[in-house]
Participant: 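Input: one structure, supplied below.
Every number for a ligand or one of its atoms is a count from 1 in the order of the listing. Quantities reported herein were computed from a predicted structural model and do not represent experimental measurements.
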Amino acid sequence: MKYRVESKDQYQQFYQTSMEDQNKYWEERAQTFTWFKKWDSVQTGNFKDLNVEWFSGGKLNITVNALDRHAENTPDKVAIFWEPNDPKESPIQYTYKELLEKVNQFANVLAGQGIEKGDRICFYMSMVPEFLIGVLATARIGAVHSVVFGGFSAKALAERINDCDAKLVVTNDEAYRGNKIVPLKNITDEALEKCSCVKSVLCLKRTGGNIKMQEGRDHWLNELLDLADKEFQPAEMDAEDPLFILYTSGSTGKPKGLQHTTAGYMLWASETYKNVFQVGDNDIYWCTADIGWITGHSYITYGPLLNGSTQVMFEGIPTFPDAGRFWQIVDKYRVTHFYTAPTAIRALEACDEKFVNEANLSSLKVLGTVGEPINIEAWNWYNEKIGKKNCPIVDTWWQTETGGIMISTLAGVTDVIPCHATLPLPGVCPMLVDNEGNEITSNPAEGNLCIDRPWPGMARTIYGDHERYRQTYFSTYPGKYFTGDGARRDKNGNYRITGRVDDVINVSGHRIGTAEVEDAINEHEAIVESAVIGVPHDIKGESLVAFMIPFHSDSSSQDLLTSVNELITKEIGAIAKLEKAIVVPGLPKTRSGKIMRRILRKVASGELDKLGDTSTLLNPEIVDEIIKAMK
Ligand code: WTA
């Protein structure tokens, strides 16, 4: 495979070129893709002016590279093995040629709904093949996809639809999730009561459940797809035209719509997939993420297809019909490359060992993890029970904002160190800075993780709010991209990510902003104010705990927890539910009125000797009362 890193020496060499002659490095790789017109310049702009562009002047369509190239060269190679939620239902498979036809049909359906280049389309779907096909069709027609994970509430969906001014929503009647059914269309209907921008809804029939179709607005997707033509002329996109918007939580305010553009993202998704996983022509790759998150964008929808891989796409959950499902699927498709999240590993580790022992798993060659720091117990279990100590584990660190993997072992090429992401990929210049923003150059070191220079896959802006983009990522340490993560670096330069250093909590690999949850809790009629923190959790990594001041001092924590969780489920979605609620008479605040979550975290974890100086608080006496309430 052209330009794939094949050895440790080559990694060093590639990395060095990418730093010393960045334009040459990326230009060589860009040339391996299909372009309608070549670019004028490789990279322009910088972190100061926040005007970064890659391959400007170039014209292309990402789906030509993900589909047409392979439909031409390897038409009969399977692109997708789709495994349904219920193992008794028939699986579906598409070759590259078939997938291209499906995407073309979907693009024709979108065109029939009046969708044009640049329009935003929102997807609120479960992991059915049409989800992947629709997202690719959006890119093919030159529109912008904005996927919202199917676990978000009607309110959260409406906010995201309105923020990006989506014209069309694609959903399914209902989703199968294990033995549960999620009423996606009903939730969409509720959301759309507040969205005047949406002109049409395409609804896929999946369960056949009873739903309402609004005349003139809603259309059955299956029927339109059946009638659609299998040819479609892909739109000519500028390298910097937006490809997608994806919402993610930060430490303040509402979720932000990170906007990624076409050419740079394409290169990043493709090159990182190729180098990190080292998937061979006859290998079978499986990423268990949902397309609702960035991992499902870069390492289901784009990375594997850009490289012509065969992959498994799974509709269901790891524990249905039983906790052996992942391993049964690995055996069924002879999966060679398996990519999942630490939270899934821990959840399955906690189940009866027989589920793993019953599986063969001998097809596996490479294991991957993403989304949160992996603890050593989970790492060991993954390595021993799943990998049989025979598969390198790539611990891939990256973010929605980075578009693709930034720091990771390259499978079978660079060294694995348990619980370490290890070394930066070519093109990535990480650095650690202290709280004053000074770079720490010595090793070993610990500090705030920043990235020093533009890379092709970086998000270019927050949709509709470039100033917020600057504020959020480039103002803490001017001239550098601040990740929000802390990290350690060992004497050989290997990175270990320690977790968020801001007010973002990572629950089961999902980013939850404390401010968002507090806003939801504060809507509760019985609550004056609240503060949310993350505490360690055996399976989820972290879970949410809220300290709440009620209007009536006799309110019980348990009663409030139930009703607050109902409210959170409505405002955000079940993923943001609290593990615990503690009624307190007040919250520790600085003199400027900021809640000191650091103190709450120490109280919650019982580290009362590490509270630090509380005398500068506006209300130091409150700390003792909170400690009492905890007990
Ligand atoms: C965390 C997911 C430790 C980190 C791709 C980051 C990780 C946030 C790792 C981004 C890893 C992701 N080790 N922590 N291998 N991968 N994280 O945007 O805190 O959903 O900032 O992107 O997840 O989450 P996001």
Participant: For the aromatic rings, using the six-membered ring if either is Trp, is the centroid distance between His260 and Phe244 under 6.0 Å?
Facilitator: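 His260 vs Phe244: aromatic centres under 6.0 Å.
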Participant: Is Lys388 atom NZ crowded by more than 12 heavy atoms from other residues, nucleotides or ligands, each under 6.0 Å away?
Facilitator: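 Counting neighbours around NZ of Lys388, more than 12 heavy atoms of other residues, nucleotides or ligands fall under 6.0 Å, so yes.
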Participant: What I want to know is whether Thr248 and ligand 1 share at least one N or O pair that is separated by under 3.5 angstrom.
Facilitator: no
Participant: Does any donor atom in the side chain of Thr409 or Thr414 lie under 3.5 Å from an acceptor atom in the other side chain?
Facilitator: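 No - no donor-acceptor pair under 3.5 Å links their side chains.
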Participant: Would you say CZ of Arg601 has more than 12 non-hydrogen atoms from neighbouring residues, nucleotides or ligands within 6.0 angstrom?
Facilitator: yes
Participant: Would Asp395 count as being in polar contact with ligand 1, using the rule that some N or O on each side must be under 3.5 angstrom apart?
Facilitator: yes
Participant: Is the ring centre of Phe482 less than 6.0 Å from the ring centre of Phe474?
Facilitator: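 Ring centres of Phe474 and Phe482 not closer than 6.0 Å.
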Participant: Heavy-atom contacts under 4.0 Å between Asn506 and ligand 1: side chain, backbone, both, or neither?
Facilitator: side chain
Participant: Judged by modelled atom types alone, do Asn46 and Arg453 share a side-chain donor-acceptor pair under 3.5 Å?
Facilitator: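 No.
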Participant: Under a 4.0 Å heavy-atom limit, does Ile294 contact ligand 1 with its side chain, its backbone, both, or neither?
Facilitator: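 Answer for Ile294: side chain.
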Participant: Using a 3.5 Å cut-off on N or O atoms only, is Glu401 in polar contact with ligand 1?
Facilitator: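 No, since none of the N or O atoms of Glu401 sits under 3.5 Å from an N or O of ligand 1.
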Participant: Looking only at heavy atoms, is any part of Arg511 under 4.0 Å from ligand 1, and if so is it the side chain, the backbone, or both, or is it neither?
Facilitator: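 The answer is the side chain.
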Participant: Would you say Arg500 has any N or O atom under 3.5 Å from an N or O of ligand 1, going by distance alone?
Facilitator: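 Min N/O separation from ligand 1 is below 3.5 Å for Arg500.
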Participant: Tell me which one of Asp485, Leu246, Val394 gets a heavy atom nearest to atom 21 (O) of ligand 1.
Facilitator: Asp485
Participant: Can an N or O of Thr483 be found at a distance shorter than 3.5 Å from an N or O of ligand 1?
Facilitator: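 Such a contact does not occur with ligand 1.
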